[in-house]
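What follows is a single structure, written as structure tokens, with notes after it.
Residue numbers begin at 1 in each chain, while the letters A, B, ... track the order of the sequences.
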Amino acid sequence: MSFLRWVSEKLSVESLRDLELFGEQAQGSSHRKAHEDSHESLTSLPHWDTMGSFLPNSSSYELLTVIGRGLEDLMTVNLARYHPMGEHVAIRRIDLESCTNDMITYLQGELHVSKLFHHPSILPYKSIFIAENELWVITPFMAYGSARDLISTHFTEGMSELAIACILLGVLKALDYIHHMGYVHRSVKASHVLISADGQVFLSGLRSIFSLIRHGQRARVVHDFPQYSIKVLPWLSPEVLQQNLQGYDFRSDIYSLGITACELANGHVPFKDMPATQMLLEKLNGTVPCLLDTSTIPPEELSLKPSHSGADSGICEGPGACGARHANGEPSSSSNNHPYNRTFSPHFHAFVELCLQRDPQKRPSASTLLSHSFFKQIKRRPSEALPDLLRPVSPISSFQSAQQSDSPSGLASLESSLSHLNVDDWDF
Amino acid sequence: MSVGELQHLDYLAENELIGMDTFIHRIDSTEVIYQPRRKRAKLIGKYLMGDLLGEGSYGKVKEMLDSETLCRRAVKILKKKKLRRIPNGEANVKKEIQLLRRLRHKNVIQLVDVLYNEEKQKMYMVMEYCVCGMQEMLDSVPEKRFPVFQSHGYFCQLLDGLEYLHSQGIVHKDIKPGNLLLTTDGALKISDLGVAEALHPFAEDDTCRTSQGSPAFQPPEIANGLDTFSGFKVDIWSAGVTLYNITTSLYPFEGDNIYKLFENIGKGDYSVPEDCGPLLSDLLRGMLEYDPAKRFSIQHIRQHNWVRKKHPPSEPPVPIPPSPDTRDQWRSMTVMPYLEDLHGYADDEDEDELFDGEDDIIYTQDFTVPGQVPEEEVEQNGQNQSRAVAKPVCVNGSEAGQLKSKAERRPSASSNPSRKGVSATSKIRKLSTCKQQ
């Protein structure tokens with residue numbers, strides 16, 4: 001969150017300068033227009049999916065604005081233009097000379113896995129090369145940013161159920177693939193879910209991925225505790241956190257998916273305002289987070305004037321207390337229009353409950369979940385439906401037309417798109 | 001305690017000291033010992049204390065939780081006063097820290113952090129968490145040995161770790177099952193580098209002059225009291241005795257006392273049980289070779305057919321036994337009750353009773369120990385406890401983190417009935433220290 005604030009502050013200072021950089025034309029064209037432009041420009045690109053089309057040569061890229069930093073400030077994320085095609089990409093530049101051996105090992109692991117994986121729902125690394133003392137990782141520019149950016153800038157009380165279904169479907173496809181490849185992702189969260197201009201959902205955050213293959217055989221469980229993962233802790237399953245002989249397997253990702261579902265629906269991750277130690281205590285004691293709506297919050301609380309006492313933790317009382325769930329104070333809003341005065345479908349509630357079961361063996365696999373009734377509500381192709389569902393957010397993909405310095409929403413969406421590769425990926 | 005104070009106290013007559021003792025209210029030991037063991041949250045820097053894992057001559061080993069990363073850790077708590085009573089105690093600890101700091105290998109225990117509390121004269125060595133020791137596993141089954149394939153798996157990891165240590169110019173000198181720990185995922189960690197020796201960077205070979213390792217694992221050259229010997233070959237011998245022990249449950253050399261034992265080792269007569277088979281027997285004989293020059297090197301061992309062979313799991317492996325105290329088969333975190341206290345989940349009926357779960361009994365025992373630091377003075381009330389939390393100076397880089405804890409918010413214990421008595425008792429202890437000097 002502080003990073004997002006940093007980005008927006010930085011943007012407010014630098015926005016004018018940045019806008020001058022690539023905003024000569026384009027006054028007055030509407031957001032919808034911008035979106036159409038981008039759609040055309042993107043679909044017209046011939047080699048969107050092939051690695052070889054991006055030259056491993058730093059001179060082919062024109063670095064534009066800085067959109068993020070991380071890895072203890074050793075990494076800079078730039079928006080850049082790829083000269084041969086005029087296409088926008090995101091570049092992570094990492095100062096290798098300042099990295100510790102551990103960091104290098106981690107980076108190697110991530111890059112190795114990125115080469116191994118090839119799936120339409122996993123963020124592809126277009127090119128990886130060394131430029132002087134820096135490692136450059138080229139990824140496509142994700143015009144909607146991350147799902148986390150979307151909820152922090154626009155959907156602060158959560159997204160619509162259909163939008164969440166489209167997003168989670170993409171994540172599940174990626175997880176199904178990753179699990180079949182014998183890996184546990186270990187950092188499924190909204191900030192690692194990126195959405196492209198054409199509404200496609202990509203899972204990123206491969207840094208803490210872990211192989212289930214031990215000594216040439218697929219292990220039943222693994223025990224490794226993810227390092228450098230302080231920011232991911234609220235999403236981690238109880239069995240990952242408890243670090244005992246029981247171990248964990250790919251079903252821990254299903255738990256994280258359930259937490260991500262709550263995050264997208266409630267506008268914040270459960271346990272977010274707690275110290276990590278308390279979150280651990282809650283999870284191991286069997287506290288199960290839930291979707292906040294009329295079926296989980298008592299009507300008297302929904303009609304109450306919400307207090308300013310603190311953000312909702314999004315946690316139900318106890319594992320089986322479906323009837324008596326309550327929320328501990330709600331985010332502020334006008335008294336008659338409580339943000340959680342809404343009703344998610346029973347399918348969505350059931351889906352989340354399945355994912356968040358304390359016993360990992362009871363959680364369904366990703367492939368089973370793909371046919372869950374929760375996804376039956378998706379009638380169109382998710383990539384077609386998503387841009388409409390995300391309105392009023394529009395993707396920033398055509399920089400010539402989307403920059404309107406006088407439009408606050410334009411600036412906001414610029415922020416959201418520019419902050420998408422946020423440092424959550426790199427919280428060393 | 002200043003030197004001036006000491007000198008001044010020297011002038012006090014002995015009967016005056018006894019007189020002070022009587023007017024000071026001392027806590028009755030029964031009062032303390034029979035208190036229900038209340039698990040009080042205790043933070044050392046950013047680490048939350050859990051239950052006791054083991055105890056050594058230097059102090060205790062406890063479980064810990066890193067309250068920021070939530071990573072399980074173990075901590076070796078070293079008390080300066082205790083170390084002073086052990087030969088080379090302080091020097092060994094200093095050396096161990098220096099060694100561990102520069103080591104990084106999957107089969108060598110990792111030192112994570114070192115914290116030092118000047119006030120309490122305690123040092124905290126925060127280490128990787130290991131779930132069980134190999135000796136504890138052996139002791140948990142009647143056969144007191146592992147199946148061959150399991151022994152083989154551990155032995156290969158021991159070789160990896162040992163080869164790394166030797167490559168770093170370090171002779172461990174105390175390889176034995178008791179110093180081989182296991183993590184939750186079955187990785188072996190060579191631990192306890194307390195008597196290890198780092199060879200001089202410019203030393204021509206691995207010549208050593210001293211050894212303080214465990215007698216049953218010492219080679220003939222040490223049993224015979226040679227002035228100099230090859231350090232690496234000492235570790236090979238000890239690894240050989242370890243392999244002998246974990247595959248057969250026996251020791252190659254025994255003796256009713258250390259003299260008999262060293263006499264037997266010095267003669268070098270031993271036998272390998274028949275059922276070891278020719279391959280393992282040959283390896284054991286190569287590692288337990290009397291002449292250090294002829295004894296196998298690590299490279300030699302690696303090429304040995306018993307090491308290279310794939311050993312099928314013919315019988316089920318010896319599992320890690322349940323926790324000794326709680327009988328928990330998964331060996332789960334022991335910090336949970338302390339976490340509940342930290343976040344105010346436990347009921348607060350005995351808020352005034354401010355003994356630390358950790359050391360309550362120990363203190364009463366320590367009262368009789370001359371020269372003990374007055375640590376309960378700091379540990380027994382909330383105000384001081386928070387000071388103690390802030391106190392540890394992090395030696396290993398990261399700043400000692402503060403956590404909003406119940407322990408810190410706890411009001412100072414004005415109602416603590418024992419407080420007056422304790423601070424007075426600590427004065428006594430200062431006096432009795434002087435008596436000794």
- Message: Which residues pass the ring-ring contact (aromatic ring centres under 6.0 Å, His included) test with Phe250(A), not counting sequence neighbours?
- Response: His179(A)
How many angstroms lie between [atom1] in [X] and [atom2] in [Y], if you round to the nearest 0.5 Å?
{"X": "Gln246(A)", "Y": "Thr184(B)", "atom1": "CD", "atom2": "OG1", "value": "12.0 Å"}
{"X": "Glu340(B)", "Y": "Leu284(A)", "atom1": "CD", "atom2": "CG", "value": "10.0 Å"}
{"X": "Phe225(A)", "Y": "Thr183(B)", "atom1": "CZ", "atom2": "OG1", "value": "14.5 Å"}
{"X": "His343(B)", "Y": "Met279(A)", "atom1": "NE2", "atom2": "CE", "value": "10.0 Å"}

- Ionic contact status for Asp102(A) with Arg104(B), cut-off 4.0 Å: yes
- Answer yes or no: are there more than 12 heavy-atom neighbours, outside Asp359(A) itself, under 6.0 Å from its atom CG? yes
- Kindly check if the number of other-residue, nucleotide or ligand heavy atoms within 6.0 Å of CZ (Arg220(A)) is above 12? no
- Item | Verdict with reasoning, Leu70(B) to Thr277(A), per side-chain contact (heavy atoms from CB on, under 4.5 Å) | CA-CA 7 Å; Leu70(B) 298 187; Thr277(A) 44; 4.1 Å; yes
- Message: For the backbone of Arg72(B) and the side chain of Gln243(A), can you confirm whether one donor and one acceptor N or O come within less than 3.5 Å of each other?
- Response: yes
- Query: Considering only heavy atoms from C-beta outward, does the side chain of Trp330(B) approach that of Glu239(A) to under 4.5 Å?
  - Reply: no
- Message: With a 4.5 Å cut-off on side-chain heavy atoms, are Asn244(A) and Met333(B) touching?
- Response: no
- Given a strict heavy-atom distance threshold of 4.5 Å, which part of Leu65(B) is in contact with chain A: side chain, backbone, both, or neither? side chain
- Under 4.5 Å from any heavy atom of chain B - which part of Gln242(A): backbone
- Query: Considering only heavy atoms, which portion of Leu233(A) lies under 4.5 Å from any heavy atom of chain B: side chain, backbone, both, or neither?
  - Reply: side chain
- Message: I need the residue from Ala187(B), Ser332(B), Cys71(B) with the largest number of non-hydrogen atom pairs under 4.5 Å to chain A.
- Response: Cys71(B)
- Query: Which atoms form the tightest heavy-atom contact between Ser67(B) and Ala276(A), and what is the distance?
  - Reply: O-CB, 3.8 Å
